[in-house]
There are 2 protein chains.
Amino acid sequence: MADQKKTKRRITSVDVAREAGLSRATVSFVLNDTPGQSIPEATRQRVLQAAARLGYTPYAPARTLRSGRSDVVLFVLPDWPQGHTVAELVDRAAQVLAGAGLTLVTHVHTGQDDDLARLWTALAPAAVFGMRPFTAHELAGMRRANIAAVLPSPEQSGHDVGSTLWLNGVGRLQAQYLIGKGHTRLAYVLPDDPRLSALGQGRAEGAAQVCAEAGLPVPIVSTIPLDTAAAAETVAGWRQPPTAVCAYNDEVALALLAGMRKLGTSLPVIGADDIPAARFALPPLTTVAQDSGELGARIAAALLRALNGEPSQLDVLPDAGIRVVERESA
Amino acid sequence: MADQKKTKRRITSVDVAREAGLSRATVSFVLNDTPGQSIPEATRQRVLQAAARLGYTPYAPARTLRSGRSDVVLFVLPDWPQGHTVAELVDRAAQVLAGAGLTLVTHVHTGQDDDLARLWTALAPAAVFGMRPFTAHELAGMRRANIAAVLPSPEQSGHDVGSTLWLNGVGRLQAQYLIGKGHTRLAYVLPDDPRLSALGQGRAEGAAQVCAEAGLPVPIVSTIPLDTAAAAETVAGWRQPPTAVCAYNDEVALALLAGMRKLGTSLPVIGADDIPAARFALPPLTTVAQDSGELGARIAAALLRALNGEPSQLDVLPDAGIRVVERESA
DNA sequence: CTGAAAGCGCTAACAT
DNA sequence: ATGTTAGCGCTTTCAG
């Protein structure tokens, strides 16, 4: 039989055109409702119905090849433990982008090798967003891959989104809260994890700023592994104990609390992130929570602006949606 | 000036060919090292160097359009709170897929609307993997979009990966552990979150199975919100208290512990997931940990098989890499 | 208002 | 061993 196909063929716009008894151009016009074309409603319907009947799906690669414009946006997520926070951020960002016809996908980058390049080339995204500044090498690669928008933008290198947006604000708020309670000597406790060190620095610096502004000594900064005994040691090792301590996040705070329990001592502690476990701690953990959905939306908006060619600095209310959740630990 | 380009042009394989003084075909051959072509090493190098000099990047949409084969794999992540676990899983899967020249991207699906369709059409992935079974509607959409492999495969519907792989095994192990300690009346406590109910059922059932096998009564199943007072109420409300309790995950377990503390009672508790906070609980939480990296690798392998046309049931050692981390709570 | 036709960048027969 | 060439499915002038 001559018309026997060996392999299942894709349904193309040609099929739709044939089914509707029209030309491919017309089909394309109505399917994308191209502006500046006046298609009679009857024709429109004919196309739409034909497409539906056939189960037509436009084929992205072809569309992209022709138009030179992909509608995929890539979020490169950092290696650090993903919490609720990040999920929420991504989710809201995806919503906003979807509103502009863009599709967001994520990829967590473990920093192993330079597989980031593979990502761009495999996806040919319209835009890429990363939570940390890209290296010169990476930027060069993306430029060659003709990616339309990159954030954080090359110009604002040195400031990753983390340090710009979060860490600072969180650290500041923690210190402000504690100082407001009358504390005068703070400690800032950072986690062991090297992946978190940049963020940790940022938060600690935020706290230091606030202390300086209030004429207080800068916090003692300690780094601890996520381990009760180690936390206890650290606390016991403070020569001149602080009157209260800020933790990089709730996990560190929990470690601290456990360490102090072991020691039989007690110091006010404030965490960050408001993970579910925080409220079940002994004592329940006071912490800084943030509306990361809002942040996601903001990022998406910046990306959209950048795609429109407007120079978009993703500038930042560092304190957007950050608040302290007061419980009993501080 | 005639040769003044208005817009930055993409570097194509034609440019490489010109630069190397060869034809596009030759370039294509060496760049993909097409089998069954004998290219002299000298020529190879000439191409490679020309490409490097120009900073040539192949353009995925064109390649995909022509070859009919995308090398993107899409992971659709469920709505439920993403932990360390999922990150690890995805990460390992990505590694394995990368080994086969495939690039993994993820998208968390909030289940809002049917934006999943958008995803496929925007990405044209070679394969899609989801943590829950796809609906008939979704499957139809993917078929039309000519996606080569889908897992869980339509045939094994009714079993999502969660229930098949994890829940069961985790619940079973929890119960086994407790029974091994001499307990005879168990409770299973599930979280409030509706997104988690399917998984919860699975784990609870696993425990029930084990109890039945051991000739013990099936566990009482309770559902609690993540709240200390509510947890206390639930515990206080048990007519005939269990001798020990399994929690759906560590967060629920922590809530339980907090509730009991409030009540002044105490019951052995075993959690699941081994989140960082578990070890800082009072008492430190005994829990079931899993090597989700291994699972990720397994999933990736199954996907690869499916892409090769081998019927791949993603069959499953339900207990792969699951173990209990014994601490003091049980 | 609709149709014909020219490519987008790439791969893979088919020639040479 | 290298070159020529025909599309992949789609958008978009340009004619009619």
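The chains referred to below are lettered A, B, ... by the order of the sequence lines, with proteins before strands, and numbering in each begins at 1.
Counting non-hydrogen atoms under 4.0 angstrom, Thr43(A) reaches the backbone sugars and phosphates but no base. Ser28(A) comes within 4.0 angstrom of a nucleotide base, judged by non-hydrogen atoms across all strands. Within the 4.0 angstrom heavy-atom criterion, no nucleotide atom of any strand lies near Pro61(A). Within 4.0 Å (heavy atoms only), Pro58(B) reaches sugar-phosphate atoms of the nucleic acid but no base atom.
Listed nucleotides dC8(C), dC10(D), dC10(C) differ in distance to Tyr59(B); the shortest reach to its side chain belongs to dC10(C). Of the candidates dT12(D), dT2(C), dT11(D), dT12(D) carries the atom nearest the Ala25(A) side chain, counting heavy atoms from C-beta on. Here dC10(C) is the nucleotide among dT11(C), dC10(D), dC10(C) with the atom lying nearest to any side-chain atom of Thr12(B). Picking from dG9(D), dG3(C), dG3(D) the nucleotide with the shortest atom distance to the side chain of Phe29(A) gives dG3(C). Comparing atom distances between the Pro40(B) side chain and each of dG3(D), dG3(C), dA1(D) picks out dA1(D) as nearest.
In this structure, Arg10(A) does not reach the dC8(D) phosphate: none of its side-chain N or O atoms is under 4.0 Å from OP1 or OP2. Taking only side-chain nitrogens and oxygens, Ser23(B) comes nearer than 4.0 Å to OP1 or OP2 of dG3(D). Taking only side-chain nitrogens and oxygens, Ser67(A) never comes nearer than 4.0 Å to OP1 or OP2 of dT11(D).
A donor-acceptor contact shorter than 3.5 Å is absent between the side chain of Thr26(B) and the backbone of Leu22(B). Remark: the backbone N or O of Val72(B) is not paired with any side-chain donor or acceptor of Thr103(B) at under 3.5 angstrom. Using modelled atom types, no side-chain atom of Asp33(B) and backbone atom of Val30(B) make a donor-acceptor pair closer than 3.5 Å. Checking side-chain atoms of His107(A) against main-chain N and O of Leu104(B) turns up a donor-acceptor pair under 3.5 Å.
With hydrogens and angles ignored, no donor-acceptor pair under 3.5 angstrom links the side chain of Arg66(B) to the base of dG9(C).
As rounded to whole Å, 15 Å separates atom C1' of dG9(D) from atom CG of Leu54(A). The distance between atom CG of Asn146(B) and atom C1' of dG9(D), rounded to the nearest whole Å, is 12 Å. Taking atom CZ of residue Arg18(A) and atom P of nucleotide dG3(C), one finds them 14 Å apart after rounding to whole Å. With rounding to whole Å, Leu22(A) atom CG is found 17 Å from dT11(D) atom C1'. For Arg46(A) and dC1(C), the CZ to P distance is 14 Å, given to the nearest whole Å. To the nearest angstrom, C1' of dT12(D) lies 14 Å from CG of Leu65(A). Between Arg69(A) atom CZ and dG9(C) atom P the separation is 16 Å, expressed in whole Å. In this structure, the CG atom of Asp15(B) is 11 Å from the C1' atom of dG9(C), given to the nearest Å.
Note that Arg10(A) lies in the cation-pi zone of Tyr59(A), set by a 6.0 Å cut-off to the ring centre and a 45° limit from the axis.
Under the 4.0 Å criterion applied to side-chain N and carboxylate O atoms, Glu19(A) and Arg53(A) are assigned as salt-bridge partners.
Map Thr34(A) and Arg24(B) each onto its nearest nucleotide of DNA chain D; the residue landing nearer the 5' end is Arg24(B).
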